[in-house]
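Heads up: the structure comes next, in structure tokens.
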Amino acid sequence: MTQIPPTLPLKALFDAQHHASRAQIDVPLAVRRDRLARLRALIETNAPALSDAIQADFGVRSRQLTEAADLFVLRAAIGQLLKELPRWMKSQRVATPLYLLPARAHIQRQPLGVVGVIGPWNYPLQLNLGPAATALAAGNRVLLKPSELTPHTSALMASLVQQAFSADEFSVVLGGADVAQAFSALPFDHLFFTGSTSVGRMVAAAAAANLTPTTLELGGKSPCVVDASCDLNTAAIKIAHGKLLNAGQTCIAPDYVLLPRGQEAAFEQAYAAAVAQLFPTIAGNPDYAAIVSDRHLARLTALLDEARAQGARVVDLSPSSGPTPASSRQMNPTLVFNPAPELRLMKEELFGPILPVLPYDTMDEAIAFINARPRPLAQYWFGTDSASRDRLLRSTVSGGVTVNDTLMHVAHEGLPFGGVGDSGWGSYHGESGFLRFTQQKPVLEQSRWAMGHLFYPPYGVRFDRVMGLLKRWL
Ligand code: NAD
């Protein structure tokens with residue numbers, strides 16, 4: 001391994017990786033497997049410390065949530081990469097059209113070179129090390145810039161990666177928006193960004209200056225449509241689980257519910273019962289995550305204040321917990337009935353435990369409501385009427401969908417994960433992630449028996465005859 005001082009300035013670190021990527025373009029299976037094995041060992045050995053770091057960053061963030069949503073997901077992803085890598089790396093044979101026979105064709109899969117990853121804070125291991133693992137599996141060098149909002153976790157990741165990898169293989173760069181800005185201006189071979197739509201726009205603009213292709217995993221308002229055919233009690237606990245996991249700080253959390261008019265009271269009762277079952281108390285409950293920062297807590301509180309001031313009915317679902325201690329930043333789950341579309345609550349991604357509920361009269365109205373807004377990252381539908389489900393799915397465009405549950409599509413490694421329009425572009429997970437970080441180089445091998453010379457000039461009768469024959473074959 002080349003020894004590069006880990007404290008190199010950003011540009012020098014990038015240059016070292018760039019140089020190394022050009023010096024070893026063909027990255028064999030054994031090298032990739034070794035990098036993944038080192039990453040897996042790093043996670044296994046340090047899982048408790050990583051979990052503690054996340055807890056320190058959030059104030060309250062249960063070990064079990066980190067185990068399920070960060071560590072388990074990462075282990076599953078790395079396990080799949082190790083298993084499938086030999087197959088995914090192979091050149092793919094492609095059938096040759098009649099008019100080019102007997103030439104042969106294949107697609108060669110090659111590393112892109114240096115991949116930049118900019119990550120968020122909400123699932124800091126899964127969303128930073130996950131894309132990094134996939135980029136390493138595809139044979140790339142990786143520079144990772146995790147979030148400044150999880151300083152303990154980001155610093156620990158940096159130090160562990162530094163111990164397990166040479167700086168020109170995989171490095172973590174720490175810092176805030178200024179560092180992130182300089183980072184996204186580097187001429188990466190691919191830049192993978194997970195974060196908000198507004199910052200995503202800046203990242204895409206910075207990358208465009210270098211013609212660096214990007215993957216943008218952004219956010220947005222993901223609707224949850226409750227059909228008239230739905231059993232509200234079954235739906236309510238699944239919606240509450242999806243909404244309140246990590247206290248709503250999940251990119252694909254159901255943002256708002258569209259509910260058949262007249263079912264508001266029944267839904268309120270079912271959702272309140274579900275919340276009480278999952279989280280009997282809020283303040284001091286170690287299972288219920290805190291809001292990550294004072295700024296985000298103030299933002300969410302302001303959204304509720306504005307909704308109340310405008311006359312929306314806000315239902316606090318844990319009033320018995322008493323006022324939330326400011327130090328813990330644990331925020332009570334709330335329902336907001338019938339908020340006006342102009343409220344910030346209905347315009348901005350919530351990313352917290354607030355659930356707006358909007359009644360609809362017909363499925364056409366619900367579909368029109370969704371289609372009048374930016375395309376969502378995720379969508380949910382609850383019910384038993386498959387014709388109604390199919391109509392919604394056919395009539396709306398979104399990122400991933402889970403039917404009769406929330407969040408679960410993200411856990412299926414065979415499904416590409418990503419948004420569309422304002423919720424992002426490009427997708428990853430499984431082979432789609434591997435291909436995101438891979439150059440698919442088309443190769444045509446001409447045969448010595450090729451008849452291409454029949455088309456060479458000077459043009460004349462021969463050309464016309466052969467072309468006429470070919471046209472009949474098409
Ligand atoms: P954010 O956009 O504020 O920050 C994300 C990263 O971008 C951080 O590392 C930050 O340092 C960096 N950054 C900040 N300013 C930058 C700039 N000018 N140029 C380049 N990078 C910059 O997002 P966040 O608050 O960390 O995460 C929450 C958001 O991320 C939500 O919108 C959520 O929906 C979204 N998200 C999406 C997914 C997904 O997979 N689609 C997953 C998790 C979170």
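Numbering of ligands and ligand atoms starts at 1, following listing order.
One finds a salt bridge joining D422 and R201 here, because a Lys/Arg side-chain nitrogen approaches an Asp/Glu carboxylate oxygen to under 4.0 Å. For D189 and R22, the salt-bridge test passes: some basic side-chain N is under 4.0 Å from an acidic carboxylate O. Using a 4.0 Å cut-off between charged side-chain N and carboxylate O, R313 and E268 make a salt bridge. Using a 4.0 Å cut-off between a side-chain N of Lys or Arg and a carboxylate O of Asp or Glu, E431 and R109 qualify as a salt bridge.
Scanning the protein for heavy atoms near atom 41 (N) of ligand 1, the closest one is L218 O, 2.7 Å. Closest to atom 42 (C) of ligand 1 among all protein heavy atoms lies C251 SG, 3.0 Å. What sits closest to atom 23 (O) of ligand 1 on the protein, heavy atoms only, is S196 N, 3.5 Å. For atom 26 (O) of ligand 1, the closest non-hydrogen atom of the protein is W121 CD1, 2.9 Å. From the protein, the heavy atom lying nearest to atom 17 (C) of ligand 1 is V199 CG1, 3.8 Å. With respect to atom 27 (O) of ligand 1, the closest heavy atom belonging to the protein is P120 CB, 3.5 Å. The closest protein non-hydrogen atom to atom 10 (C) of ligand 1 is E148 OE1, 3.6 Å.
Residue contact check: S147 has heavy atoms under 4.0 Å from atoms 9 (O) of ligand 1. The ligand atoms of ligand 1 that sit less than 4.0 angstrom from a heavy atom of S184 are 19 (N), 20 (C). Listed by atom number, the atoms of ligand 1 under 4.0 Å from E349 heavy atoms are 31 (C), 32 (O), 33 (C), 34 (O). For ligand 1, the atoms sitting less than 4.0 Å from at least one non-hydrogen atom of M202 are 18 (N), numbered in the order shown with element in parentheses. When each atom of ligand 1 is checked for a heavy atom of F351 under 4.0 Å away, the hits are 28 (C), 31 (C), 33 (C), 34 (O). For ligand 1, the atoms lying closer than 4.0 Å to a non-hydrogen atom of L377 are 41 (N). Under a 4.0 Å criterion applied to the non-hydrogen atoms of E217, ligand 1 contributes the atoms 37 (C), 38 (C), 39 (C), 40 (O), 41 (N). Set against the non-hydrogen atoms of L127, the atoms of ligand 1 under 4.0 Å away are 42 (C), 43 (C).
Of the options A378, G195, G119, the smallest heavy-atom separation from atom 6 (C) of ligand 1 is shown by G119. The closest heavy-atom contact to atom 12 (C) of ligand 1, among the options A253, A180, A177, comes from A180.
By the 6.0 Å contact criterion, CZ on R299 is enclosed, its count of non-hydrogen atoms from other residues, nucleotides or ligands being greater than 12. Surrounding CZ of R75 are more than 12 heavy atoms belonging to other residues, nucleotides or ligands, all under 6.0 Å away.
Between atom OG of residue S184 and atom CG of residue L186 there is a gap of 8.0 Å, rounded to the nearest 0.5 Å.
Residue E169 forms a salt bridge (Lys or Arg N to Asp or Glu O under 4.0 Å) with just one option from R38, R141, R32, and that option is R38. Each of F58, W121, F351 was evaluated against H296; a single residue qualifies, W121, per the ring-ring contact (aromatic ring centres under 6.0 Å, His included) test. Just one of T66, D287, T153 meets the side-chain hydrogen bond (donor to acceptor under 3.5 Å, both in side chains) condition when paired with R61; it is T66.
Within the structure, ligand 1 has F193 among the residues with a heavy atom less than 4.0 angstrom away. Not a single heavy atom of G419 lies less than 4.0 angstrom from ligand 1. For the pair F417 and ligand 1, a heavy-atom separation below 4.0 Å is found. Under a 4.0 angstrom heavy-atom cut-off, G424 registers as lying outside contact with ligand 1. At least one heavy atom of P146 sits closer than 4.0 Å to an atom of ligand 1.
Counting heavy atoms closer than 4.0 Å to ligand 1, residue I252 contributes nothing at all.
Looking at T215 and H190, their side chains do bring a donor and an acceptor atom within 3.5 Å of each other. Side-chain contact of Y288 with T281: a donor-acceptor pair under 3.5 Å is absent, judged by distance alone. Q379 and T396 are linked by a side-chain donor-acceptor pair at a separation below 3.5 angstrom, with hydrogens and angles left out of the test.
Geometrically, ligand 1 and Y428 share no nitrogen or oxygen pair separated by less than 3.5 Å. Among the atoms of K145, some N or O lies under 3.5 angstrom from an N or O of ligand 1.
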Practice task
In sequence, state the C-alpha distance, the side-chain angles, and the governing distance for L39 and F165, and then conclude on side chain to side chain contact (heavy atoms under 4.5 Å, CB included).
Solution key: CA-CA 9 Å; L39 185 58; F165 291 89; 4.1 Å; yes

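Atom 4 (O) of ligand 1 lies below 4.0 Å from none of the non-hydrogen atoms of the protein.
Side-chain contact between V226 and P260 is present, with at least one heavy-atom pair separated by less than 4.5 Å.
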